[in-house]
Amino acid sequence: MQRTPFTLGYLGTIGLDGSPRVRAVILRRVDPGHDRIMFATDVRSEKVTEIRRVPRVALTVTDDRCGVQVRCEGRAGLVDGPEERAAAWETFAPHSRALYDSPLVPGSPLAAESLCRGHDSTAFERFAWVGIDVDRFDRLDLSASPHTRWVLDRRDGGWNGRRVVP
């Protein structure tokens, strides 16, 4: 299955033991007006605990067809507003909502008898809507000849960009 460009991202956090952690996340929304990237996860996941402890994160997304990689850095946080969470939840297909049906915590051992999922009315309670307020973009274009790379940093309410060596 081929994904839409820039949908599958790799999120970097600081683990609870201080080690770097990287895992895949599906980007669900980009709000260019607020320089915010959104994704969903289980509220009980380790990444939520890590974000609450150290909100500085990094995210890398790619468009393999175009040869472009974008790295972002910023501050992540959980959206607590019930209306915004509910609106995001409503955009998810049933198979995506079903990911939150399990009473098991992500990463816990899975016994054969617990493979079946039933409808669980608490799925929405397990749904976390996470926003990353981006303050740095690093865009590398490998399709250009020569390769090009731009870095943009948020400063003084605006963006400062510069071309750098790839």
Side-chain angles (χ1 to χ4, degrees), residues 1-15 19-81 83-100 106-107 123-124 126-155 157-166:
M1 175 170 93
Q2 189 167 353
R3 294 203 179 271
T4 305
F6 304 116
T7 300
L8 177 63
Y10 295 92
L11 178 73
T13 60
I14 302 298
S19 300
R21 299 285 311 269
V22 177
R23 77 268 285 162
V25 295
I26 302 297
L27 304 186
R28 297 291 184 162
R29 185 175 301 153
V30 175
D31 180 352
H34 294 98
D35 305 314
R36 180 176 257 202
I37 299 170
M38 307 297 293
F39 68 91
T41 192
D42 191 303
V43 75
R44 303 165 299 169
S45 70
E46 286 185 5
K47 75 176 88 50
V48 168
T49 304
E50 294 163 0
I51 287 169
R52 284 181 171 149
R53 196 171 128 268
V54 180
R56 294 290 306 165
V57 299
L59 178 75
T60 299
V61 293
T62 61
D63 180 346
D64 293 331
R65 290 178 289 178
C66 293
V68 174
Q69 170 187 284
V70 177
R71 293 183 297 160
C72 308
E73 296 174 15
R75 290 191 162 299
L78 275 66
V79 173
D80 292 324
E83 294 86 15
E84 189 175 351
R85 278 185 67 240
W89 179 254
E90 291 301 318
T91 67
F92 281 62
H95 69 276
S96 293
R97 289 184 190 183
L99 296 171
Y100 301 92
F124 179 70
R126 298 180 186 119
F127 171 74
W129 191 231
V130 182
I132 302 171
D133 294 322
V134 179
D135 53 33
R136 177 170 229 205
F137 287 101
D138 186 333
R139 182 184 188 277
L140 175 62
D141 186 344
L142 299 173
S143 69
S145 182
H147 297 168
T148 59
R149 182 175 170 197
W150 284 85
V151 175
L152 291 95
D153 291 296
R154 183 190 313 270
R155 288 195 191 130
W159 289 93
N160 180 28
R162 63 198 176 284
R163 189 168 176 189
V164 299
V165 176

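Atom set for the values below is all heavy atoms of this structure, side chains included, hydrogens, waters and symmetry mates excluded. Residue numbers start at 1 and run along the sequence shown.
Among residues two or more places apart in sequence or in another chain, the side chain to side chain contact (heavy atoms under 4.5 Å, CB included) test is passed with His95 by Ala93. Residues that satisfy the salt bridge (Lys or Arg N to Asp or Glu O under 4.0 Å) test with Asp135, not counting sequence neighbours, are Arg56. Residues passing the salt bridge (Lys or Arg N to Asp or Glu O under 4.0 Å) test with Asp138, sequence neighbours excluded: Arg71, Arg149.
Between Arg154 and Asp35, some side-chain heavy-atom pair lies under the 4.5 Å cut-off. The shortest distance between side-chain heavy atoms of Cys72 and Ile37 falls below 4.5 Å. Side-chain atoms of Thr41 and Val48, non-hydrogen and from C-beta on, do get closer than 4.5 Å to each other. When side chains are defined from C-beta on, Thr13 counts as touching Ile51, because their heavy atoms get closer than 4.5 Å. For the pair Val130/Lys47, no side-chain contact is recorded, criterion being any heavy-atom separation below 4.5 Å from C-beta on.
Between Glu84 and Arg29 there is no salt bridge, since no side-chain N of the basic residue sits under 4.0 Å from a carboxylate O of the acidic one.
Taking CZ of Arg21 as the start and CD1 of Ile14 as the end, the distance is 11.0 Å to the nearest 0.5 Å. Considering CG of Leu140 and OG1 of Thr62, their distance stands at 11.0 Å, rounded to 0.5 Å. Rounding to the nearest 0.5 Å places CG of Asp141 at 12.5 Å from CH2 of Trp150. Remark: Ile132 CD1 to Arg75 CZ distance equals 12.5 Å, nearest 0.5 Å. Here the CG-CG distance, from Asp64 to Leu142, works out to 10.0 Å after rounding to the nearest 0.5 Å.
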Can you list the steps and then say if Gln69 with Thr60 is a side chain to side chain contact (heavy atoms under 4.5 Å, CB included)? CA-CA 7 Å; Gln69 170 187 284; Thr60 299; 3.9 Å; yes
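Closest of all the heavy-atom pairs between Phe6 and Val61 is CD2-CG2, 3.4 Å. Taking each heavy atom of Arg155 and Asn160 in turn, the nearest pair found is NH1-ND2, 2.6 Å. The minimum heavy-atom distance between Tyr100 and Arg126, with the atom names listed, is O-NH1, 3.0 Å. Nearest heavy atom pair, residue Phe39 against residue Trp129, reads O-CE3, 3.6 Å. Here the closest non-hydrogen pair linking Leu78 and Ala128 is CD2-CB, 4.1 Å. Closest heavy-atom contact between Leu8 and Ala24: CD1-CB, 3.8 Å.
Judged by distance alone, the side chain of Arg97 and the main-chain N or O of Trp89 form a donor-acceptor pair under 3.5 Å.
In this model, no donor atom of one side chain and acceptor atom of the other lie less than 3.5 Å apart for Arg139 and Thr148.
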